[in-house]
**Q** 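Handing you a structure now.
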2 protein chains.
Amino acid sequence: MENQGQGLHARVLESLGPAITAGEYGPGTVLRTDELEERFDVSRTVIREAVRVLESMRLVSSRRRVGVTVLPTEEWNVYDPQVIRWRLAGADRPRQLRSLTVLRSAVEPVAAGLAARLATPEQCAELTEHALGMVATSRGQQLAGYLVHDVAFHRVILRASGNEMFARLGEVVAEVLTGRTEHQVMFTDPDPAAVTLHVRVAEAVRERDAARAEALTREITAGAMAELDILAP
Amino acid sequence: MENQGQGLHARVLESLGPAITAGEYGPGTVLRTDELEERFDVSRTVIREAVRVLESMRLVSSRRRVGVTVLPTEEWNVYDPQVIRWRLAGADRPRQLRSLTVLRSAVEPVAAGLAARLATPEQCAELTEHALGMVATSRGQQLAGYLVHDVAFHRVILRASGNEMFARLGEVVAEVLTGRTEHQVMFTDPDPAAVTLHVRVAEAVRERDAARAEALTREITAGAMAELDILAP
DNA sequence: TCCCTCAATTAAGTATGACTTTTAGGTCAC
DNA sequence: GTGACCTAAAAGTCATACTTAATTGAGGGA
């Protein structure tokens, strides 16, 4: 799970990235290369490489005679996994979790509908396996095990949808689910209703009932939104 | 029109990025830094910066004693706007357009529902304005003008949803709509039914009717999918 | 024969200094 | 006040020397 943390430039990145996404430097703040050089005690090469990466994430913009300018939030590549991780680790984690949960609520039902049409027998089996795994771990403080199955379940749905863009949201969903478990309850067992819904989604997919898979998944995501007090349609 | 072409590293990037995303180098292909140096006739510094960016897009992975390895598609940051642009410019543009259109079909209806609850009066006015603009340009070979209003309309919806992740998909939708106009018809006027739907979505949002806005938008995206022969639920 | 260890080698990573290019911002003439 | 024209500041580029990690394969022991 830990990303490639080797290399000095990665160290600089792991310091600047979270700081910028946390809003420690407001938009328009200018960082000079030699200032950063001194601060991190590394060479220009290293700073420049880090800045290039931040620039490709649209967190900063580097201009001659000006310096490295922090860009406003609207410019950021908010789908960059690294940016998502930094923001989830920072102060506006709650807001971030809401944004991502709303995204989930839009994508996952459609993905489930597609999965019902396209899932391979193996994927159907995996779904059932993880749904049952969720049932098995849904009582008695087995939240860690439950989380594993929950994440795996949603990952399979997204992958089975056959859509590349959906599949790549698996990471995001994993982060959201992990974040929820870590931050929120941790002491209470999962909602039995949610567990049942997962089992029924697995069923619907296995039976190629796209409409039902979609509707049931919509219930799951509605539940996730309710947990975060997001106004539901 | 050409994007940020300033800087040698950008030039290298604009050559390597499209080539990799087009599959010219299969996954596992190894590029050596000094080879690239010679090929582009630039210094080590420049190549390294370009490679760092490609690495942050997860198109390649750079390892000591091995080289710069091209990663398989599943690793790519497919939400990176630059990656999206490169892929849309390349050979698998049709597949890419399909993926993105399916994503739209998941996101936009939900965004429209949220917009109906959250849009400011100004945004409502913009919606109406662009919907009427679409009507005005829907006949007599005014496709360019039509496209402008169409893109703007969807952008407003996504922005008015109040969700950052949705808002950032405005770029993607713009690319898809532009791509469709450029590639597909170009000679036939837009479908009048689609035009009407946009007008009605604007109405629904203005009247704060979330369910109707969502349903109507679903019709719009269903139409977009039908155009690409994507199996619809 | 097999496996382990270890050193050689290779290619990326880092540091540094000299130089180029862009451009914001001030200056001066008009 | 407006425009043209410097100046200097900061990023961009290059060449080179050096460091570090990891693959590879050769040698030695079981």
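Just so it is clear: chains get the letters A, B, ... in the order the sequence lines come, proteins before strands, and each one is counted from 1.
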**Q** Got a second to check how far B/L169's CG is from B/R159's CZ, nearest 0.5 Å?
**A** 14.0 Å
**Q** From D/dG12, D/dC14, C/dT14, pick the nucleotide closest to the side chain of A/V46?
**A**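 Closest nucleotide to the A/V46 side chain: C/dT14.
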**Q** Salt bridge or not between B/E171 and B/R155? Use side-chain N to carboxylate O under 4.0 Å.
**A** yes
**Q** Tell me, please, which residues at least two apart from B/R104 pass salt bridge (Lys or Arg N to Asp or Glu O under 4.0 Å).
**A**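 If we apply the salt bridge (Lys or Arg N to Asp or Glu O under 4.0 Å) test to B/R104, skipping adjacent residues, the hits are B/E108.
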**Q** Quick check: on DNA chain C, is the nucleotide nearest B/L31 upstream (toward 5') of the one nearest A/V42, or the reverse? Name the residue that is more 5'.
**A** B/L31
**Q** Given atom CZ of B/F40 and atom C1' of D/dC14, what is their separation to the nearest angstrom?
**A** 17 Å
**Q** Charged N to carboxylate O below 4.0 Å: is that the case for B/R85 and B/D80?
**A** no
**Q** What is the nucleic acid contact for B/R48, judged by heavy atoms within less than 4.0 Å: base, sugar-phosphate only, or nothing?
**A** base
**Q** How is A/L36 classified with respect to the nucleic acid when contacts are heavy atoms under 4.0 Å: base, sugar-phosphate, or nothing?
**A** nothing
**Q** May I ask you to say what A/V51 touches in the nucleic acid, namely base, sugar-phosphate or nothing, with a heavy-atom cut-off under 4.0 Å?
**A**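 Touches nothing.
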**Q** Could you list, one pair per line, each protein nitrogen or oxygen that sits under 3.5 Å from a nitrogen or oxygen of nucleotides 20-22 of chain C, together with the distance?
**A**
from	atom 1	to	atom 2	distance (Å)
C/dT21	O2	A/R64	NE	3.2

**Q** Distance check needed: D/dA15 P versus B/I47 CD1, whole Å only.
**A**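 Roughly 12 Å, once rounded to whole Å.
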**Q** Which nucleotide in the set D/dA11, D/dT13, C/dG13 lies at the smallest distance from any side-chain heavy atom of B/L8?
**A** D/dT13
**Q** Side-chain N or O of A/R63 versus OP1/OP2 of D/dG12: is the shortest distance under 4.0 Å?
**A**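 It does not, given that no N or O in the side chain of A/R63 lies less than 4.0 Å from OP1 or OP2 of D/dG12.
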**Q** For the pair made of CZ in A/R32 and P in D/dA11, what is the distance, rounded to whole Å?
**A**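 My rounded result for the distance is 7 Å.
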**Q** 5'-most contact on DNA chain C: B/V66 or A/D41, nearest heavy atom basis?
**A** B/V66
**Q** Nearest whole Å is fine: how far is C/dA12 P from B/R52 CZ?
**A** 11 Å
**Q** A/E35 has an atom CD; how far is it from atom P of D/dA10, in whole Å?
**A**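 So the two atoms are 10 Å apart, to the nearest Å.
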**Q** Please step through side chain to side chain donor-acceptor pair (under 3.5 Å) for the pair B/H198 and B/H130, ending with a clear verdict.
**A** CA-CA 9 Å; B/H198 284 79; B/H130 293 302; over 6 Å; no
**Q** By nearest heavy atom, map A/D34 and B/E37 onto DNA chain D; which one lands nearer the 5' end?
**A** A/D34
**Q** From the list C/dA24, C/dG13, D/dG12, which nucleotide is the closest neighbour of the side chain of B/S62?
**A**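 Out of C/dA24, C/dG13, D/dG12, the nucleotide with an atom closest to B/S62's side chain is C/dG13.
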**Q** What is the distance from CD of A/E49 to C1' of C/dG13, rounded to the nearest Å?
**A** 8 Å
**Q** Thinking salt bridges, do B/R48 and B/E55 make one under a 4.0 Å N-O criterion?
**A** no
**Q** Considering all heavy atoms of both residues, which atom of B/T217 and which atom of B/A112 are nearest to each other, and what is their separation?
**A**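 So the minimum-distance heavy-atom pair works out to OG1-CB, 3.1 Å.
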**Q** Report the distance from atom NE2 of A/H9 to atom P of C/dA12, rounded to the nearest whole Å.
**A**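 Whole-Å distance recorded here is 14 Å.
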**Q** Considering only side-chain heavy atoms of B/T45, which listed nucleotide, D/dA15, C/dA12, C/dT16, is closest?
**A**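 From the listed options, D/dA15 comes nearest.
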**Q** Any Lys/Arg nitrogen of A/E75 or B/R168 sitting under 4.0 Å from an Asp/Glu carboxylate oxygen of the other?
**A**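 So A/E75 does not pair with B/R168 through a salt bridge.
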**Q** Rounded to whole angstroms, how far apart are CZ on B/R44 and C1' on D/dT19?
**A** 11 Å
